[in-house]
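Comments concern the structure below.
This is a predicted model, so every value here is computed, not measured. Below, chain A is the first sequence line, B the second, and so on; all start at residue 1.
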Number of protein chains: 4
Amino acid sequence: MPPEELTERRRREIADAAAITFAEQGYHATGIADIARRLGIGHGTFYRYFKNKRDILKFVLSEVTRRLGDVLASEDPTATTTVEEYRAQVVRIGEGLFELFTSEPAIARLFYVESVGADHEFSEQWLDAQAAYATVTARYLQNGVDRGFLPADLDIEVSARAVNGMIFAGLLAAVRGSAGDAAERERWVQGITRLMFTGIAGG
Amino acid sequence: MPPEELTERRRREIADAAAITFAEQGYHATGIADIARRLGIGHGTFYRYFKNKRDILKFVLSEVTRRLGDVLASEDPTATTTVEEYRAQVVRIGEGLFELFTSEPAIARLFYVESVGADHEFSEQWLDAQAAYATVTARYLQNGVDRGFLPADLDIEVSARAVNGMIFAGLLAAVRGSAGDAAERERWVQGITRLMFTGIAGG
Amino acid sequence: MPPEELTERRRREIADAAAITFAEQGYHATGIADIARRLGIGHGTFYRYFKNKRDILKFVLSEVTRRLGDVLASEDPTATTTVEEYRAQVVRIGEGLFELFTSEPAIARLFYVESVGADHEFSEQWLDAQAAYATVTARYLQNGVDRGFLPADLDIEVSARAVNGMIFAGLLAAVRGSAGDAAERERWVQGITRLMFTGIAGG
Amino acid sequence: MPPEELTERRRREIADAAAITFAEQGYHATGIADIARRLGIGHGTFYRYFKNKRDILKFVLSEVTRRLGDVLASEDPTATTTVEEYRAQVVRIGEGLFELFTSEPAIARLFYVESVGADHEFSEQWLDAQAAYATVTARYLQNGVDRGFLPADLDIEVSARAVNGMIFAGLLAAVRGSAGDAAERERWVQGITRLMFTGIAGG
DNA sequence: GATGAATGAGGTTTCATTCAT
DNA sequence: AATGAATGAAACCTCATTCAT
């Protein structure tokens, strides 16, 4: 294996261990020594691969963001022409997100809990990320309005936030592990999709 | 003023200062000395009113929880018999929540950001709180189903979470201060209520 | 005792302990813990009085500089009109410097040894200090030339450096403790003064 | 080239790089990695040629000492029979020393700054070296007294120290680079020699 | 009751040195 | 012989908490 790849592999190993430890103990309660101990390496080794403790959280979160981005990018916001198509798209995205978060619960916890208040800069980044995801969702809604399959008077910005909030709430269940099996996941996806498209009062 | 009340008043003062400081600098980045300095008291005095640093965050959060509870308790989940009545109720609750969070932005930030990952126990409490609020919302939904103005096949648990997620997302705007004036607030409340009752596709 | 004065007294105590420890073990080999242990205080206490390790060396050196300055300022460079007067002045200054350095050997060692290469900035400061002392000496020489009791063609800048170098060498003896008693001191002062005024070849 | 010689050549290369790096950054601020990087070698390689970090400073200083010794050994302390001859000798030695220190400023800095307080043992060695150089100078002075061209009552020990102090001060100028060109060097050598032989008051 | 000086556990980080490749 | 990944001792420094005044 080329040394460059080996380094990358090591970074990944350490990042994984860090993610799990952060998720288990919390970012602040985790010492570099805890991460190193989990891997059975000297804690000095950590600093060969990451600048400092912040750096690894940043790295781990960028990974999460990338993977979230991959799921979102797997669909084209302008590809749908009917509500049914869009709804199918939403289900696919929802299942992708659930898959991601339930397959690696540490990621969910990092994203929803540990990164939020780790420090001021992370907080801001987290809030920025929410805004960014709202923008993505808004693009889908805009497509619906443009195509005429969503009401022209839909408040896109507010609705995008609200839709994301629903998904957020659903995924949060993954943090507590209460969306583990396929049936449960299906229930969440269906429930949220229904609410999203027809509301609680809709049929 | 009786000494007991004086003590209570002092606790409140310290708690307020702490809340603002936590919101500004973050829980971990805030030192006891920072809080004391803001009040112009010796930092040893702090410990006459609170056991430790955790204790004050706990106290502040319990205040927030109490005030949130007050808003929610201002309505009766079983009092409504029609969708219109329930919708009016939701608007009232939403406006109460927005009022609370925008009138004291520090509270919003504490609730949404600082308390989330302060430490493992707070995280758990935060997740518990979400569950508790879902239970409250579920009671409203259950009432609707029982009364027949909401569909019988509504997945109450999932929907309650999703509804709260929408509200959560809306209130989050308050953290960034983008829901300051009355018009903006109205827009959020209306947008979210519409989505909640008729979905994005509904008229 | 007013608290301000108490703080000053404590700083002095810590500075003294630091000076001795630096002199005994060397600046880099000395840990904050060593200084604290010598005083029987917790090492955290150190940081109440000094920002960090560099800070205390800076403080101690500024003290040394101040005391050196006091000795030099005790004479007036322009007050003498004859070689004999100037020579008497030199003897007085020399004795003052010897007194200072032999009464507190730690000071001598700090000045000549520990501060020199502590870090790059200290090195530069040390070199600057040498230049500054040369300027002072030059003022005396200039007075001599102006008054006509020193040769008009004296290279003042070079001579000032050289004179200081002689004194430097003499005081260095104090570092090793070989100029402890009064007789020994007298020998150094006389020897250097003779060399300074008439050279090795002079009568 | 025989392997033994090759090793010696490599040691020299590393020592040169170390000397420059120490001079530029300071002994303590210099890491083995810095030296290795300058040479474009792996920092593990360093340890094939030197036992440890101290070892290389020791080696570099021994080189300096050797070269200083070469300059001093180029003259015979007992060869002179008149003041004029001795004075010429002093000028030659002085020029040799200036030549050495200005041609390689790193050496000057190492000798005067970095080695002084590197650690306790180096400090002692540095003080020892001063004593040793004083002994050499004393031999010249003793010769002058024995031959009758220096006063019989000259305090040889003190004067030797003082003379070296003057030279020390002069060479120090090289550290700051203010004795770079030939004219400047001549000025220093002449100024110091004059002071040494006839004092500031002498003609 | 109020204070702030004192404390030291605890955490981060560096870097000289080793050693398997 | 050369390398650089791994190591952990060792140092610095912060800050929540205690407690004598």
Query raised in the report: How far does CD of Glu8(D) sit from CG of Leu6(D), to the nearest 0.5 angstrom?
Result: 10.5 Å
Grab the [atom1]-[atom2] distance between [X] and [N] for me, whole Å please.
{"X": "Ile56(B)", "N": "dT17(F)", "atom1": "CD1", "atom2": "C1'", "answer": "14 Å"}
{"X": "Arg37(C)", "N": "dA11(F)", "atom1": "CZ", "atom2": "C1'", "answer": "13 Å"}
{"X": "Ile35(D)", "N": "dC15(E)", "atom1": "CD1", "atom2": "P", "answer": "13 Å"}

Requested in this report: Tell me, please, whether Phe122(B) has Arg54(B) positioned over its six-membered ring: NZ or CZ under 6.0 Å from the ring centre and within 45 degrees of its axis?
Outcome: yes
**Report entry** Trace of the side-chain contact (heavy atoms from CB on, under 4.5 Å) decision for Asp119(A) with Tyr27(A)
**Finding:** CA-CA 10 Å; Asp119(A) 71 25; Tyr27(A) 174 70; 5.5 Å; no
Query raised in the report: Considering heavy-atom distances to DNA chain E, does Thr45(B) or Thr45(A) have its closest nucleotide positioned more toward the 5' end?
Result: Thr45(B)
Report summary line: Arg37(A) meets the salt bridge (Lys or Arg N to Asp or Glu O under 4.0 Å) criterion, sequence neighbours left out, with Asp34(A)
Query raised in the report: Looking only at N and O atoms, is any donor in the side chain of His43(A) or the base of dA9(F) less than 3.5 Å from an acceptor on the other one?
Result: yes
Query raised in the report: Among residues 46-55 of chain C, which residues get a heavy atom nearer than 4.0 Å to DNA chain F?
Result: Tyr47(C), Asn52(C), Lys53(C)
Report task. Identify, residue by residue, the members of residues 12-32 of chain A with a heavy atom below 4.0 Å from DNA chain F, and return them in order of residue number, or none. Result -> none
**Report entry** Ion pair check, Arg38(C) and Glu13(C), cut-off under 4.0 Å
**Finding:** no
Query raised in the report: Among all residues two or more places apart in sequence or in another chain, which pass the side-chain hydrogen bond (donor to acceptor under 3.5 Å, both in side chains) test with Glu124(D)?
Result: Arg109(C), Arg176(C)
Report summary line: In short, Gly117(B) meets Ser123(B) closest at the heavy-atom pair CA-OG, 3.7 Å
Query raised in the report: With Watson-Crick and G-U wobble geometry limited to distances under 3.5 Å, how should the secondary structure of DNA chain F be encoded in dot-bracket form, using | for bases paired to another strand and [ ] for crossing pairs?
Result: .||||||||||||||||||||
Query raised in the report: After noting the C-alpha distance and the side-chain angles of Lys53(B) and Ile32(B), does the key distance pass the side-chain contact (heavy atoms from CB on, under 4.5 Å) rule?
Result: CA-CA 7 Å; Lys53(B) 191 178 164 183; Ile32(B) 296 298; 4.0 Å; yes
Query raised in the report: According to a strict under-4.0 Å criterion, is Arg10(A) in side-chain N/O contact with OP1 or OP2 of dA6(F)?
Result: yes
Requested in this report: For the residue pair Leu61(D) and Ser115(D), establish whether any side-chain heavy-atom pair is separated by less than 4.5 Å.
Outcome: yes
Requested in this report: Would you check, one step at a time, whether the test side-chain contact (heavy atoms from CB on, under 4.5 Å) holds for Leu68(A) with Phe111(A)?
Outcome: CA-CA 10 Å; Leu68(A) 278 171; Phe111(A) 188 68; 3.8 Å; yes
Requested in this report: Could you list all the ring-ring contact (aromatic ring centres under 6.0 Å, His included) pairs where at least one residue sits in residues 30-49 of chain A, not counting sequence neighbours?
Outcome: Phe46(A)-Phe50(A)
